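If you're wondering where the values come from, they're calculated on a predicted model, not measured in any experiment.
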Amino acid sequence: KDKLLHFCAGLLLALLSILWSWLILLPFVAGVFKELLDKYVRKTGFDTKDMLVTWLGAIPVVVILLIDKVL
C-alpha cells in the first residue's frame, strides 16, 4: 500500500508539468527529499525502493509528453 501511494504521488506531481515543463523534475526532487526527511527527521531510515517507486510514477507522464513532442 505504501508503494502505491509513492507511485501515485510521483504521477500526480509529474502531471503538474502540464503547467510548466520544468515541473517534471518535481517527482524526482520530492522522492529524494521525502526519504531524507524520513532518515533525518522521522528517524525511520532512507528507503531507496520508496524513492524509486516515486520516480516510476513520473514515467507515464514523461512517455506521454515525449510522444506529444514527437507527433
Side-chain angles (χ1 to χ4, degrees):
K1 190 173 182 178
D2 178 56
K3 301 293 188 257
L4 179 61
L5 292 174
H6 278 272
F7 184 88
C8 290
L11 180 68
L12 292 173
L13 289 171
L15 284 173
L16 291 173
S17 67
I18 293 170
L19 302 172
W20 190 43
S21 60
W22 282 100
L23 289 176
I24 197 63
L25 299 174
L26 193 56
F28 302 99
V29 173
V32 173
F33 180 76
K34 169 34 172 102
E35 294 311 314
L36 289 173
L37 182 74
D38 286 349
K39 180 177 181 176
Y40 293 110
V41 177
R42 295 182 180 160
K43 306 291 188 199
T44 58
F46 191 99
D47 189 345
T48 305
K49 290 179 184 175
D50 281 350
M51 182 181 64
L52 292 175
V53 172
T54 304
W55 293 357
L56 286 174
I59 300 289
V61 176
V62 170
V63 169
I64 290 169
L65 292 173
L66 288 173
I67 290 171
D68 184 51
K69 294 290 182 186
V70 172
L71 300 177

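With values rounded to the nearest 0.5 angstrom, T48 atom OG1 is found 9.0 Å from W55 atom CH2. In this structure, NZ on K34 lies 6.0 Å from CG on D50, to the nearest 0.5 angstrom. Taken to the nearest 0.5 Å, the CG atom of L12 stands 10.5 Å off from the CG atom of L5.
A continuous path of ILVMFWY side-chain contacts below 4.5 Å connects V62 to L25, so both sit in one hydrophobic cluster. There is a path of hydrophobic side-chain contacts, each under 4.5 Å, that joins L15 to L19. Both M51 and L36 are members of a single hydrophobic cluster when ILVMFWY side chains are connected at heavy-atom separations under 4.5 Å. F33 and V41 fall into different hydrophobic clusters, where Ile, Leu, Val, Met, Phe, Trp and Tyr residues are linked whenever their side-chain heavy atoms come under 4.5 Å apart, directly or through other members. The hydrophobic clustering, which links ILVMFWY residues whose side-chain heavy atoms are closer than 4.5 Å, places F28 and L56 apart.
Between F7 and T54 there is no side-chain heavy-atom pair separated by less than 4.5 Å. Residues S17 and L26 form no side-chain contact, since every pair of their non-hydrogen atoms from C-beta on lies 4.5 Å or further apart. Contact annotation: the side chain of L37 never approaches that of Y40 to less than 4.5 Å [non-hydrogen atoms, C-beta and beyond].
When each of V61, I67, L65 is paired with V63, the side-chain contact (heavy atoms from CB on, under 4.5 Å) condition holds for I67 and for no other.
The minimum heavy-atom distance linking A14 with P27 is given by the pair N-CG, 3.6 Å. The nearest pair of heavy atoms linking G57 to P60 is O-CD, 3.3 Å.
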* Verify salt bridge (charged side-chain N to carboxylate O under 4.0 Å, His left out) between D47 and K3, making sure each step is shown before the conclusion. => CA-CA 11 Å; D47 189 345; K3 301 293 188 257; 3.4 Å; yes

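Taking K39 as the reference, nothing meets the salt bridge (Lys or Arg N to Asp or Glu O under 4.0 Å) condition, with sequence neighbours excluded.
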